[in-house]
Amino acid sequence: MEQNTANVDSNLLERFEREIWSKIPHLENGSEVVNATPLTDITQDLKECAKKEFNVNLDDKDLKIFGKFDSNLLTGSIKVRPAVNIIHDAITTGKLKSGQTIFEATSGNFGIALGQLSKIGLDVVALVSRKLQDGVFEELRNEKIRIINLDMDICPAPGMKDSPNVLAAKATAANIRSQLSELGFDPTIFENAITEAQELLAKQDIINLAKLLAKIYNCYCPEQYDNESNIEIHRTVTAAEIDQQLHEKGLSLEDFRIVCTFGTGGTSGGLNRYMSEKYGKKSVHVVFPIAAQDVAGIRTKSKAEGLKFYEPQQYAGQHEMDFEQAKRLMKFFIDKGHDMGESSALALYAVMQMANFGNVGGKFVVIIADGIQKYKKNLESMAKKQSRTQVSLEEAVSSVGDYDKVIWIHTQYTPREEGIELLAKTLGIDKSKIIVPKARDAERLLMAQQIPEDLNKALEGSHKSLIICMAGYTSLNAVQVFGKKGIAAESLTGGISAISQGKGKQISDLIKIATE
């Protein structure tokens, strides 16, 4: 692209390149990536985690798994790559100059990355959701980001079809007007655009609201969800960087499957294009949390649909994973000294599932998008939750008469007939005592913290139930929900996985993917 150098703020560009650009991964001499983040072999740690936390034995699998630890980047996340690239492009094309303010909708990491701009005298106003975790708010404030806090979800894509809530939109618009005034912006300018703002708020279209605010106040909006620079930085630098590091180990990215989660789609899109252009293949597997789960910084599959960079036809695979299970993996890896956040744990959990159940080859690169710092309160809370009521298999068998019901709870898997028979035989009960709710009812139980009607009927008259899942963690969450409702229940430690290993059975012969 030809630059109009007369329109470029050369002083701003010089400071930006010296104080920010020079400190992140970028190309030098046309092809060499400098400031690369670590590419770490985590194969053995994943195998150990699978065995200890999930009773899954991957020892006989021919695996090679590398974690690309972008948690080591400036500001602690992969989002600094597109943020810096977008801002560099804006300065070099004359769209952004000293003294301008930047408006952007963010779920955290992109906003934190933009906070680096305070070093060169640029202000950032982030539109954020009430769902942001305390640690993310704290990081935003530490980076001197000015915040407009919206009392709604930031995730829906533009053009969401849900019925508009006009009253809520008007109330939120009034709240935004007040916050703009507190931040020093003329509220009458916002009032002149109030109808358009309310229409966007009614659709929860926070992405385009950020663009509107930037337009009416003559500011700049990075438009991360639509900006091609978001894709290009991962095509030209991130993918080339990983390939460069693998070549140094005598390997090639051509032979690996790349696993990442979906926030804006920039990472998956850029990696896809690199693999398609250089190796002529689809290699990127995109991971989403299951419906209604709230995982920091990423979207469920339904909330990715409609975004510009959601390109399912380009992916080698899409996977919806249970974050409640992935939390255990996250804690294990953090205890091992790996800096890993929530979305990264979900991606790595997907690799474990693919290695265990799938036939997709044994070489993986997992994008570790950010670290644990922002989510430490969640981790501490999770550690406390692990002290909830649970029993070993030996304890359950010895006191099996105390349980009126034995209930399977999982959002993705359901036992085969062979699994039900093994549970009954192991516990010493008739299999008619085992209840298997629909997976969607299990999801409602865990996500909405409500007991679905069919499950509630099955529990009628029960004194105490034994809850069983794959490896014991989903059942612990179910026990917590039951406890809040005054229903006595205990979770079987290790779940059906522990039973299968003890009996020399393959877990895949005992369970199957749920269809309803």
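As the structure is a prediction and not an experimental result, all values here were calculated from the model.
- The heavy-atom pair separating T493 from A498 by the smallest distance is O-CB, 4.3 Å.
- Here salt bridge (charged side-chain N to carboxylate O under 4.0 Å, His left out) pairs that include residues 21-38, with residues two or more places apart or in two chains, number zero.
- Side-chain polar atoms of Y349 and Q353 form a donor-acceptor pair below 3.5 angstrom.
- Between H88 and F16, the two ring planes are tilted [angle within 30° to 60°].
- Under the side chain to side chain donor-acceptor pair (under 3.5 Å) criterion, Q293 pairs with D322, not counting sequence neighbours.
- Between R235 and E232 there is a salt bridge, since at least one side-chain N of the basic residue sits less than 4.0 Å from a carboxylate O of the acidic one.
- With sequence neighbours excluded, no residue forms a side chain to side chain donor-acceptor pair (under 3.5 Å) with S276.
- In summary, E277 and R273 do not engage in a salt bridge, as defined by a charged side-chain N under 4.0 Å from a carboxylate O.
- For the atom pair CG of L74 and CD of E19, the computed distance is 11.5 Å after rounding to the nearest 0.5 Å.
- Scanning for side chain to side chain contact (heavy atoms under 4.5 Å, CB included) contacts around S475 gives I467, C469, S491, with sequence neighbours left out.
- Using cut-offs of 30° and 60° on the angle between ring planes, the pair Y310 and F262 is perpendicular.
- Legend: residues meeting side chain to side chain donor-acceptor pair (under 3.5 Å) with Q179, ordered by chain and number and at least two apart, are N175.
- For A291, the side chain to side chain contact (heavy atoms under 4.5 Å, CB included) partners are E443, not counting sequence neighbours.
- Between K64 and D41 there is a salt bridge, since at least one side-chain N of the basic residue sits less than 4.0 Å from a carboxylate O of the acidic one.
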### Query
Yes or no on side-chain contact (heavy atoms from CB on, under 4.5 Å) for I368 and T37, after CA distance, side-chain angles and deciding distance?
CA-CA 10 Å; I368 309 299; T37 58; over 6 Å; no
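- Judged purely by distance below 3.5 Å, without hydrogens or angles, the side chains of S98 and N11 never pair a donor atom with an acceptor atom.
- Using a 4.5 Å cut-off on side-chain heavy atoms (C-beta onward), I148 and L180 make contact.
- Aromatic ring orientation, Y217 versus F103: parallel (interplanar angle below 30°, classes split at 30° and 60°).
- Using a 4.0 Å cut-off between charged nitrogen and carboxylate oxygen, E228 and K308 count as a salt-bridge pair.
- Side-chain contact, K119 with Q116: a donor N or O sits under 3.5 Å from an acceptor N or O.
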